[in-house]
Colleague: 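I have a structure I would like to understand better, so I am pasting it below and will then ask my questions one at a time.
Keep in mind the model is a prediction, meaning the values are calculated, not measured.
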Amino acid sequence: MSETGIPQILAPLTGGEAAALAALAGHFSAAAAAEGLVDVAYRVVDSPVGSLLLARTEAGLVRVAFASEGHDSVLDSLAANISPRIFLAPARLDAAARELDEYFAGHRRRFDLTLDFRLAQGFRREVLDYLPQITYGHTASYAAVAAMTSSPRAVRAVGTACARNPLPLVVPCHRVVRSDGRSGAYLGGPEAKALLLALEAAS
């Protein structure tokens, strides 16, 4: 408020101010990491399927989120389900960012990242454990995936597990398609699924 009681409109940050703010945030994150206060580190990267939020714990990569999920909502969920001690710490996600870049460039067919599956339990975890067996450039139907689990008739539950996969791309739920050959739903949207399948088919 100004002295007149009229709300003041804040001017946009200049380039120098934005850089200084980013540097301050970086120093804050580094200090938190040095003190062991970071339970979840995250960064956002650009990709052919839009911006992706990557998050990891000490146990490994715990979340890959599409922009359509709402990155702020994803961070809120991580705070509620893992820890509120979440910091922007890009360097901690360097390996994940590099492997994703290699994947989108067509140079990587499998990911070599340590994964933290704490956000997927029970049957959902069983489904996710199977998905990497669907090799690059191939697909499997929801029914075929269900047949490989402890509940071979749970086709709809397989769809739910894929839809709630906390680690899409890295755990390839995009390779699961409908029995009639149509691609089916995808957390990142049908266009993203089509792009991923086309990328792998071309290689």
Colleague: Apply side chain to side chain contact (heavy atoms under 4.5 Å, CB included) to residues Val40 and Arg85 and explain how you reach the verdict.
Modeller: CA-CA 6 Å; Val40 182; Arg85 299 198 304 188; over 6 Å; no
Colleague: What residues, two or more places apart in sequence or in another chain, satisfy ring pair (Phe, Tyr, Trp, His ring centres under 6.0 Å) together with Tyr42?
Modeller: none
Colleague: One thing to verify: whether Arg98 and Asp94 come together as a salt bridge, which I'm taking to mean a side-chain N less than 4.0 angstrom from a carboxylate O.
Modeller: no
Colleague: Spell out, yes or no, whether Leu52 and Leu199 are grouped together once hydrophobic residues are joined by side-chain heavy atoms under 4.5 Å, including indirect joins.
Modeller: yes
Colleague: So do Thr139 and Val176 actually touch side chain to side chain, heavy atoms under 4.5 Å?
Modeller: no
Colleague: Taking Arg124 for its side chain and Arg164 for its backbone only, find out whether a donor-acceptor pair lies under 3.5 Å.
Modeller: yes
Colleague: Considering all heavy atoms of both residues, which atom of Ala140 and which atom of Val145 are nearest to each other, and what is their separation?
Modeller: CB-CG2, 4.2 Å
Colleague: Applying the 4.5 Å side-chain criterion to the ILVMFWY set and letting contacts propagate, would Val177 and Leu196 be lumped into a single cluster?
Modeller: no
Colleague: Any donor and acceptor pair, going by atom type alone, linking the side chain of Lys193 with main-chain N or O of Ser183 inside 3.5 Å?
Modeller: yes
Colleague: In terms of hydrophobic clustering (I, L, V, M, F, W, Y; side-chain heavy atoms under 4.5 Å; direct or indirect links), are Val74 and Leu100 co-clustered?
Modeller: no
Colleague: Answer yes or no: is there an ion pair linking Glu58 with Arg92, defined by an N-O contact shorter than 4.0 Å?
Modeller: yes
Colleague: Which heavy atom of Glu126 sits nearest to which heavy atom of Ser150, and what is that distance?
Modeller: OE2-N, 2.6 Å
Colleague: Is the number of heavy atoms from other residues, nucleotides or ligands within 6.0 Å of CZ (Arg43) greater than 12?
Modeller: yes
Colleague: Does some side-chain heavy atom of Leu167 sit less than 4.5 Å from a side-chain heavy atom of Phe117?
Modeller: yes
Colleague: Under a 4.5 Å side-chain heavy-atom rule over Ile, Leu, Val, Met, Phe, Trp and Tyr, are Ile82 and Val44 clustered together?
Modeller: yes
Colleague: Would you call Asp112 and Arg108 a side-chain contact if the rule is heavy atoms closer than 4.5 Å?
Modeller: yes
Colleague: Taking C-beta and beyond as the side chain, do Cys173 and Tyr186 meet within less than 4.5 Å on heavy atoms?
Modeller: yes
Colleague: Please report the shortest heavy-atom distance between Arg118 and Ala59, naming the atom on each side.
Modeller: NH2-CB, 4.3 Å
Colleague: How long is the span from the CZ atom in Arg110 to the OG1 atom in Thr135, to the nearest 0.5 Å?
Modeller: 12.0 Å
Colleague: For Gly50 and Ser47, work out which heavy atoms get closest and say how close.
Modeller: O-OG, 2.7 Å
Colleague: Kindly compute the distance separating CG (Asp76) from CG (Asn81), expressed to the nearest 0.5 Å.
Modeller: 10.5 Å
Colleague: Would you give the length of the straight line joining atom CG of Leu78 to atom CG of Asp39, rounded to the nearest 0.5 angstrom?
Modeller: 11.5 Å
Colleague: Kindly work out whether a path of hydrophobic side-chain contacts (I/L/V/M/F/W/Y, heavy atoms less than 4.5 Å apart) joins Leu88 to Val45.
Modeller: no
Colleague: So, Glu200 side chain and Leu197 main chain: donor-acceptor pair closer than 3.5 Å or not?
Modeller: no
Colleague: Which heavy-atom pair separates Asp129 from Pro132 by the least distance, and what is that distance?
Modeller: O-CD, 3.5 Å
Colleague: Check Ala96 against Leu54 and note the closest heavy-atom contact, atom names and distance.
Modeller: CB-CD1, 4.1 Å
Colleague: With side chains defined as the heavy atoms from C-beta onward, is the minimum distance between Phe123 and Ser151 less than 4.5 Å?
Modeller: yes
Colleague: Going by an N to O cut-off under 4.0 Å, is there a salt bridge joining Arg63 and Glu69?
Modeller: yes
Colleague: Which residues pass the ring pair (Phe, Tyr, Trp, His ring centres under 6.0 Å) test with Phe111, sequence neighbours left out?
Modeller: Tyr103
Colleague: Determine the sole option in Asp72, Leu75, Val64, Leu93 for which the side-chain contact (heavy atoms from CB on, under 4.5 Å) test with Leu53 is passed.
Modeller: Leu75
Colleague: Flag the pair Glu99 / Leu113 as yes when at least one side-chain heavy-atom distance between them is below 4.5 Å, and no otherwise.
Modeller: yes
Colleague: Compare all side-chain heavy atoms of Arg56 with those of Val62 and state whether any distance is below 4.5 angstrom.
Modeller: no
Colleague: Hey, is the main chain of Arg156 close enough, under 3.5 Å, to the side chain of Thr160 for a donor-acceptor pair?
Modeller: yes
Colleague: Under the side chain to side chain contact (heavy atoms under 4.5 Å, CB included) criterion, do Arg178 and Ser141 qualify, and how do the steps go?
Modeller: CA-CA 5 Å; Arg178 293 168 56 109; Ser141 69; over 6 Å; no
Colleague: Using side-chain heavy atoms (C-beta onward) and a distance below 4.5 Å, is Leu61 in contact with Thr114?
Modeller: no
Colleague: Assess the side chains of Ser51 and Asp46: does a donor N or O sit below 3.5 Å from an acceptor N or O?
Modeller: no
